[in-house]
Amino acid sequence: MPRIAYVNGLYRDLRDACVNVEDRGYQFADGVYEVCEVRGARLVDFSRHMTRLQRSLRELRIAEPMPVAALAIIMREVVRRNRVTYGMVYLQVTRGVARRDHAFPPNPVKPSVVITAHALNYEKKQQIAATGIKVITLPENRWPRVDIKSVSLLPNVLAKQQAREEGAYEAWYVDRDGFITEGASSNAWIVTADGRAVTRSVDVGILAGITRAVLMDVMKALQISLEERPFTPEEAREAAEAFVTSATQVVMPVVAIDGQVVGNGQPGGITRRLREEFHRFSAFS
Ligand code: PDD
């Protein structure tokens, strides 16, 4: 079955789908993106992802390429054409095509839109969640505007690769004050010995994860207390539980940090419960 991508108005076979070599996304990473989980062939928490997309675009002064309702139709169509029931849909919007010059094009150009979707292996994901993942910590080396979901991800790419080479799945950044900010592609959490979930506040140093936000609703409903504050790698290694959140990992247990086991080395009870309950609280469209 051919894979299909939406590229600037056309549904194309992935092998033929291409963007202009002078697209500013290609030349300057001048663009933003969103990733939504797909479950039962439906988009998870689509509206919240679109609100964040609009904010990212505004912050970079890139025009909205089309109304959210139109994006919804196209994203669902890409999911349908690729027959994804469980997986992810990726949306990228760049400033558009213009002769190479760092400053914005003097005459506004149309933003470029690319949408792809692919299936993920549900059983495999569940198996990984059953044993948990390992993380490493690294010095924070990204730009300060990580609140914008920019396609400029080189530090994240290098961090993930280092994690992989060290036998881990995710890398947690540590800021200059010695506190964990977030993962290379996820938000970072711990659970204290007395059962409080802790994650950094969105004020500075992290992306406002949609999974993070929905999980806070889950916690409220399950009466799990929440603390939004920074925490150090030492506190994380000594924590009862740890986990990461993202659209594709949902709630993924962390069982080792920098080679040191967290808790008893198994996914924690609160983490497992949050993972199991998560989709009762997410919106499907
Ligand atoms: N990453 N922090 C970073 C740096 C991320 O890249 C992501 C998501 C998150 C979690 O955000 P959300 O819960 O909205 O997915 C936090 C996506 C999944 C990716 O780049 O593939």
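Every heavy atom of this structure was used, including side-chain atoms; hydrogens, water molecules and symmetry mates were not. Every number for a ligand or one of its atoms is a count from 1 in the order of the listing. Predicted, not measured: the structure shown is a model, and the values here were computed from it.
- Looking at Thr181 and Glu140, their side chains do bring a donor and an acceptor atom within 3.5 Å of each other.
- Residues satisfying the salt bridge (charged side-chain N to carboxylate O under 4.0 Å, His left out) criterion with Arg237, sequence neighbours excluded, are Glu234, Asp258.
- The residues Glu276 and Arg273 are annotated as not salt-bridged, no charged nitrogen and carboxylate oxygen being separated by less than 4.0 angstrom.
- Judged as a ring pair (Phe, Tyr, Trp, His ring centres under 6.0 Å), not a single pair has a partner in residues 196-233 (not counting sequence neighbours).
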Could you go through ligand 1 and list every pair where one of its N or O atoms sits under 3.5 Å from a protein N or O, giving the atom names and the distance to one decimal?
from	atom 1	to	atom 2	distance (Å)
ligand 1	1 (N)	Lys149	NZ	3.3
ligand 1	1 (N)	Ser185	O	3.4
ligand 1	2 (N)	Glu182	OE1	2.7
ligand 1	13 (O)	Ile210	N	3.3
ligand 1	13 (O)	Thr211	N	3.0
ligand 1	13 (O)	Thr211	OG1	2.6
ligand 1	14 (O)	Arg52	NH1	2.8
ligand 1	14 (O)	Arg52	NH2	2.9
ligand 1	14 (O)	Ile210	N	2.8
ligand 1	15 (O)	Ala247	N	2.8
ligand 1	20 (O)	Tyr33	OH	2.6

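- Looking at residues two or more places apart in sequence or on another chain, you find a side-chain contact (heavy atoms from CB on, under 4.5 Å) between Ala283 and Asp45.
- The aromatic rings of Phe28 and His102 sit tilted relative to each other, their planes meeting at an angle between 30° and 60°.
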